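I have placed the structure first, in the form of structure tokens, so that the comments after it can refer back to it.
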Amino acid sequence: MRQPILEVEGLKKYYPIQGGIFGKTVGEVKAVDDVSFYVREGEILGIVGESGCGKSTMGKAILRLIEPTEGEIKFEGQDITELPSEDMRKLRRDMQIIFQDPYASLNPRHTVEKIISEPLLVHGMKSKAERKKRVRELLEVVGLSAYHASRYPHQFSGGQRQRIGIARALANNPKLIICDEPVSALDVSVQSQILNLMGDLRDEFNLTYIFIAHDLSVVKHISDRVGVMYLGRMVELADKDDLYEDPKHPYTQALLSAVPEPDPDIKKERIILEGDVPSPANPPAGCAFHTRCPFAMDICSKVRPELEPAGDGRFVACHLYHGEQ
Amino acid sequence: MSEVILELKKLSTHFFTDQGEIPAVDQVSFRVHRGEVVGVVGESGSGKSVTSLSVLKLIPDPPGKIVSGSILYKGEDLAQATEKRMKNIRGNEISMIFQEPMTSLDPVFTIGNQMREAIRIHQKVSKKAANERAIEMLKLVGIPRAEDIINEYPHQLSGGMRQRVMIAMAMSSDPSLLIADEPTTALDVTIQAQILDLMKKINQEEQTSILLITHDLGVVADICDRVVVMYAGQVVEQGTTREILKDPQHPYTQGLIRSLPKLRGKEEKLYTIPGTVLRPKKDHVGCRFAPRCEFAFERCFKENPELYDLGEGRESRCFLHAEREGKRLEDATTNT
Amino acid sequence: MDVLLLVIYIMASNEINILLKLKGVKDMRFRLTLLAALFLAFLLVLAACSGDGSADPEDVEDDTTETEESPTEEEAEEEETAASGEKVLVFARGGDSESLDPGSTTDGESSRVTQQVLEGLITFDKESFDLKPALAHDWEVSDDGLKYTFYLEEGVTFHDGTPFNAEAVKINFERWADPEHEYAFTDDGYVYSMYGTMFGGYKGDPGHVIEEINVVNDYEIEFILNQPLGFFLQNMGMSYFAITSPAALEEYGPNINENPVGTGPFKFVSWTKDDSIVLEKFEDYRIEGLPKLDRVIFEVIPDNAARLVALRSGEIDIMDGLNPDDAAGVETEEDLVLLTRAENNIGYLGFNTQKEPLDIKEVRQAINYAIDKQAIADALYAGYATTAKNPLPPGYLGYNDDVEPYEYDPDKARELLAEAGFPDGMELELWTMPVARPYMPDPETVAQIVQNNLAEVGIDVTIVREEWAPYLEKTSQGEHQLYMLGWSGTNGDPDYFLSSLLHGSNAGTSNREFYQNDEVDELLDAAKRAVDQDERAELYAQAQEIIAEDSPMVTLVHSTPVMATSSRVVDYVPHPSTSESLAEVDLVD
Amino acid sequence: MTTYIIRRLLMLIPVLIGMTLITFSIVHLIPGNPAQVILGEAATADAIAQLEERMGLNEPYFVQYGQYILNLLQGDLGTSLRSNTEISKEIVPYIAATFELTFFAMLFAVIVGVNAGIISAWKQNSWFDFLAMLFALIGVSMPVFWLALMEQWIFAQELGWLPAHGRQDSRDPIAPITHLYVLDSLIHLDFARTITVLKHLVLPSIALGTIPMAIIARMTRSSMLEVMQSDYIRTVRAKGSGQFLVIYKHALKNAMIPVLTVIGLQTGVLLGGAILTETIFSWPGIGRYVYEAINYRDYPVIQSGILVIAFIFVMINLLVDILYKKLDPRIKY
């Protein structure tokens with residue numbers, strides 16, 4: 001088994017809520033609340049969860065695009081949480097991010113050439129000819145043509161823009177790429193192209209991904225392991241086959257059962273959850289899911305379950321599995 | 001088959017833009033029967049949303065315009081109807097709900113205000129009666145604390161709740177047809193399941209026909225009786241849900257289904273349709289899907305294929321059927 | 001009209017509700033109606049006024065009497081005058097009065113009003129500074145010039161009904177002279193600067209000339225001076241030394257500046273700051289048959305152009321401060337009358353006579369010859385100014401018309417400069433005023449004309465600009481070479497011009513020429529002490545002769561202020577002091 | 001909401017203190033001795049000294065400021081140097097005059113501007129839209145004094161329809177109660193006078209209101225166009241609502257949110273900065289009060305005037321923010 005490239009320990013991101021006459025902090029939104037996991041080199045870790053569960057915030061906090069409130073992030077064994085910004089900047093050539101909306105993340109007034117060569121320049125590729133060559137190379141890699149370099153983002157389709165975003169992320173041969181909903185804005189037929197591309201690139205460049213998405217099928221397709229988040233916490237983390245075939249956490253079960261499948265022959269027992277996700281500013285005490293959980297017990301409203309091993313290298317945060325131990 | 005509620009006949013809606021005339025909806029024909037749920041499936045740019053908006057003539061004009069064809073609602077051609085008549089139809093005979101529940105309700109009026117407005121446009125009832133009706137509808141769509149919610153503003157509700165409100169509002173005048181334009185796309189899966197359930201319930205209990213616009217074949221499988229597949233402004237295939245999903249005839253439909261990542265089983269590599277969705281152009285020559293089609297042959301680039309009737313309401317727009325038919329004919333002749 | 005209807009129609013929508021959620025008014029429709037009504041009224045006015053030209057409430061009430069023929073503006077005015085039987089005169093000026101307590105202000109706009117309400121012992125003649133009886137019907141001066149006896153009008157009452165008498169006069173003068181006086185209101189910021197200037201200071205000051213004031217009887221009062229003051233009587237004619245009712249001083253205290261009570265032809269009614277002051281006829285005025293007007297309203301219209309519009313549209317009757325450029329137009333208009341006020345000021349270009357090379361008389365004379373005064377008068381005042389040869393305006397006592405003016409003569413100037421040892425010319429600094437004054441409406445243009453004129457004779461002029469306060473301070477300290485300034489008359493006495501500007505003792509204050517000529521000083525001192533007016537005139541004439549020769553300043557122009565009245569105004573005579581009584585003014589149809 | 005208002009009012013204190021400090025400093029930094037300026041060319045040294053003492057100028061700067069603040073806290077705005085009258089008493093009619101003019105100018109600006117903007121957006125690219133926006137463009141770029149003089153020339157001098165100056169018929173002045181003459185005449189039940197007073201308001205209101213009107217029209221139009229594209233407007237139409245309801249209920253209320261900012265801002269500007277209009281139309285408002293005071297170096301008036309204007313400005317902003325809340329329930333304080 002390969003070494004973990006990234007280890008996250010007790011990561012938290014709280015946002016203060018201000019109020020009162022003097023604008024004091026009266027509360028906190030616990031966007032990410034005590035999340036721990038690791039990613040091995042060359043692995044794809046999928047993170048799923050519904051909107052507001054903190055998965056995106058977590059992705060950005062790992063790269064310190066948002067400063068985490070608490071916790072430790074180790075990249076290749078080095079704690080990067082306290083790293084000075086200059087060192088962090090250097091480190092970012094190894095850690096990249098791809099965003100959901102490819103259009104919003106590309107400067108509309110720059111050519112593709114400029115967009116892709118900028119990170120090269122920032123990280124010390126001074127020769128213009130060299131940069132040009134590299135840009136051409138990268139465009140080929142992501143399935144575009146060299147002549148696209150002189151065009152502007154608006155001249156591309158959504159899928160092509162995402163390819164540009166990927167090329168930019170790849171520019172400096174990163175080791176880890178955080179993919180924040182990279183295909184959710186794309187059409188089905190284009191989505192499969194990008195997913196295949198990302199898979200190919202992983203194999204070719206030995207990349208490690210943290211793949212954040214809300215679409216369970218997509219996550220399943222691309223990931224090796226999958227973590228499920230609910231209200232800022234990781235509720236289950238397992239190899240994808242284990243997770244999809246035998247979900248342990250009641251939330252994971254409900255989530256999977258709710259996905260409509262394009263096969264009229266599959267008649268599954270759907271678990272319809274009652275109500276909405278509670279507000280992260282005021283999460284329920286104990287297990288955050290107990291208000292909607294069909295199996296909730298007394299203990300669930302009092303004691304918060306920790307993410308603990310449940311055999312076969314899987315982890316679950318649920319009293320159903322830890323109660324009897 | 002029961003009564004036809006809605007029938008589109010060769011409906012064409014074009015947009016007149018600086019870049020020229022765009023046939024966003026091109027000769028689209030399909031039917032919706034009483035009590036039936038019909039899904040219109042397609043990717044962005046396929047014209048499915050424009051089709052649905054055209055039914056209620058809600059296309060912003062300019063730049064959009066229904067250029068030909070008819071929209072027969074219970075036999076009446078809405079394409080020729082006056083604006084006054086359309087006001088009477090909208091929200092009364094045919095209701096519509098939209099993709100973005102977060103932005104589809106007016107943020108500055110209370111839920112009650114907007115619901116009462118919807119009710120009183122079509123029913124001559126007192127404010128009080130309208131209020132009661134609104135509460136009744138909110139309860140029907142499963143909104144807890146309906147009496148309180150009615151005095152709240154949209155931003156105080158979650159996305160799922162807002163979509164329920166939209167549905168309640170749409171259903172308040174007992175429409176014969178509910179057009180739902182991507183009603184669950186912006187929602188989380190668990191909430192999506194709730195809303196789909198609600199729509200099924202409405203369909204079954206009220207016998208309301210539903211025209212569901214979606215890109216999600218999973219949703220289609222879940223709720224629809226029949227499916228219309230659109231590509232680049234045209235219908236490329238239609239049939240029952242089972243037929244379409246289990247035995248797609250058109251190469252596009254086939255590719256679409258194959259390129260979906262599956263929740264079950266294992267797959268190494270996804271099937272991909274090469275290229276990107278074609279932007280519809282006027283005077284397009286040949287099959288619109290031909291540039292991406294792995295079966296395309298010479299004829300596909302020269303002529304636009306017709307919809308081939310494959311029997312029992314099944315249709316597919318592909319020359320392969322002609323080939324097959326021809327072959328079958330050929331076979332038949334050689335056999336005899 | 002369609003647009004109007006459209007606007008009204010849209011008004012009736014509920015947008016107003018949204019905009020103005022008037023708290024407390026529950027019913028939406030009521031709110032709407034209220035606002036709609038307000039706006040409709042606004043529009044109706046617009047529509048109504050386009051119907052006929054009448055703007056008067058009386059006319060609106062008398063709507064029934066309206067004839068088929070809609071009256072013109074003038075006719076409407078007549079109707080109004082006739083209907084109410086009141087003669088109301090509106091006098092518009094550019095600025096408001098500062099204070100209606102005449103003694104505590106030096107402001108011309110204030111005396112314009114106080115002149116109507118309060119009277120002094122003596123007054124000036126209609127068009128000159130010649131003295132005329134007012135509250136004193138007669139007066140005597142002792143031969144040594146130290147005792148002045150005034151015989152007061154009998155039976156005169158103040159507007160508040162209290163009688164006017166010698167005691168009242170004494171109280172007023174003591175109030176101005178003595179900061180400790182109970183009516184001096186020193187703590188409330190009252191300062192009687194004009195009194196200090198004119199009578200040599202205040203009680204206890206060494207230069208204060210009034211030794212004592214004796215009430216002989218109710219209608220006879222004596223002023224005892226400690227030294228002769230040639231212009232004592234002239235002072236008494238100034239509007240600043242008008243008599244206020246002692247009872248009013250007692251009643252209003254420091255608020256007397258907003259509640260003037262005098263014996264004048266008009267009573268004070270009300271004052272809206274920067275808007276209007278309303279006066280009405282004093283029925284018991286001491287002169288039978290006066291005033292002729294029932295009400296006088298002094299209105300502030302700051303903009304000269306707007307004021308003229310108001311005059312043309314009949315909203316006002318008299319306007320002060322006409323732009324000289326508009327004068328020609330006014331003259332041709334049948335309904336308007338153009339009036340000029342006699343000159344009472346001097347705009348000049350001063351030399352620092354202590355500084356090289358301006359300490360050389362020939363240089364000063366040369367510059368005097370080099371400047372084209374007529375060009376300045378024409379350029380700035382549209383001809384409503386006369387070129388000046390003396391610092392004293394013509395019409396003043398002792399004005400010396402025999403003085404030879406410095407005619408525009410560049411050749412002579414060059415000659416004189418060469419004679420003085422500057423054949424190649426010289427460089428000079430010209431300090432330019434940063435503000436416009438009546439005697440100098442556009443200092444910048446004057447500076448440029450001077451610069452060009454002097455360039456012709458080889459003098460290279462650099463223009464220096466300063467803020468107003470530093471300008472005044474620095475020129476009084478003699479930092480300048482050439483500078484521009486002017487002087488306006490107040491009491492109509494030559495001393496106020498000649499001594500202030502050119503007496504050696506004033507060098508460093510108002511004598512910014514630092515001009516020092518003992519002969520002139522002696523003449524001015526003698527004239528100040530002399531009591532006989534003819535003798536004074538002779539002394540001043542001599543002084544002007546010497547001054548002209550010495551050329552301490554280039555006397556540029558005396559401006560002639562122009563004003564306009566409606567042709568309905570009769571017997572209005574502008575006085576050079578800028579304020580005149582309106583007692584005899586009348587309005588005719 | 002209440003806490004928000006309290007918080008805003010508390011925030012007012014440092015703002016006003018800063019305001020006093022700035023005006024106090026600026027006024028005292030004008031070059032030259034103010035006493036000299038006031039007394040002019042005929043000033044004697046004695047007179048200057050006297051006036052300096054009276055103005056307290058011989059005290060150190062911070063003592064003067066301290067005294068000023070102390071008086072201010074007791075509600076004493078000081079005494080005008082020019083007129084020797086208490087400013088707190090003197091300023092009232094000026095504020096009233098400005099308030100009345102601003103109210104009608106904004107009424108004109110809002111009614112015409114908002115409606116022109118709505119119709120323009122409604123009939124986008126029509127001749128009305130074209131003309132209205134052309135006028136709006138001219139309106140924003142037109143110098144106020146030019147418009148004012150044109151109005152006077154046409155409507156007062158040439159046509160004689162409307163009075164060119166002042167707040168009322170000067171031959172027949174009103175007995176003021178609130179100094180808001182429209183209100184006063186209504187209180188007196190003297191409706192003929194109300195009409196006279198309104199007539200006097202027409203030209204200055206239009207002159208003053210034209211720029212805000214143009215700005216509001218443009219803002220309303222673009223805001224409306226944006227709102228008309230929104231999903232909820234589509235929903236309203238899908239409900240079967242008529243165009244009128246769509247535009248005047250749903251679109252307008254949403255579109256007014258950004259427009260309200262402009263209205264608030266413009267009202268503030270008009271209240272403080274209408275010197276030109278007030279001068280040309282002889283309107284004795286606060287702008288002219290301060291302007292005259294500046295000419296005269298009447299420090300106490302300048303300071304108090306600016307302070308009052310600042311205070312009104314802040315209060316209007318607060319009012320706008322409260323109105324926001326009324327318009328837009330999403331805004332939380």
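Note that the structure is a prediction, hence the values are computed from the model and not measured. Note: hydrogens, waters and symmetry copies are ignored here, and every other heavy atom, side chains too, is used. Reminder, nothing fancy here: chain letters follow the sequence lines and each chain counts from 1.
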Sorted by number, residues from residues 193-204 of chain A in contact with chain B (heavy atoms, under 4.5 Å):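 Expected list: A:Gln193, A:Leu195, A:Asn196, A:Asp200.
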When B:Gly255, B:Gly159, B:Ser259, B:Pro144 are compared by non-hydrogen pairs under 4.5 Å with chain A, the top option: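 The residue among B:Gly255, B:Gly159, B:Ser259, B:Pro144 with the greatest pair count is B:Ser259.
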Under 4.5 Å from a heavy atom of chain B, the part of [X] involved:
X	result
A:Leu216	both
A:Leu256	both
A:Gln191	side chain

Side chains of A:Asp187 and B:His215 in contact at under 4.5 Å (non-hydrogen atoms):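 No - every pair of side-chain heavy atoms lies 4.5 Å or more apart.
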Non-hydrogen side-chain atoms of B:Arg292 and A:Ser189 separated by less than 4.5 Å: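 They are in contact (side-chain heavy atoms under 4.5 Å apart), so the answer is yes.
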Toward chain A: residues of residues 189-202 of chain B with heavy atoms under 4.5 Å: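 The residues closer than 4.5 Å to chain A, in numerical order, are B:Val189, B:Thr190, B:Ile191, B:Gln192, B:Ala193, B:Gln194, B:Asp197, B:Lys200.
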Specify the closest pair of heavy atoms between [X] and [Y], including all atoms of both residues, with the distance to one decimal.
X	Y	result
A:Glu50	B:Asp188	OE2-CB, 2.9 Å
B:Ala221	A:Pro262	CB-CA, 3.8 Å
B:Leu245	A:Asp263	CD1-N, 4.4 Å

Contact class of B:Pro274 relative to chain A, heavy atoms under 4.5 angstrom: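 Answer is backbone: N, CA, C or O of B:Pro274 sit under 4.5 Å from chain A.
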Structural part of B:Tyr252 lying under 4.5 Å from a heavy atom of chain A: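 Nothing of B:Tyr252, per the 4.5 Å heavy-atom cut-off to chain A.
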Between NE2 on residue A:His221 and CG on residue B:Leu260, distance to nearest 0.5 Å: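 The distance works out to 11.0 Å.
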Test log, rule salt bridge (Lys or Arg N to Asp or Glu O under 4.0 Å), inputs B:Lys246 and A:Asp265: CA-CA 9 Å; B:Lys246 281 296 188 186; A:Asp265 290 339; 2.9 Å; yes
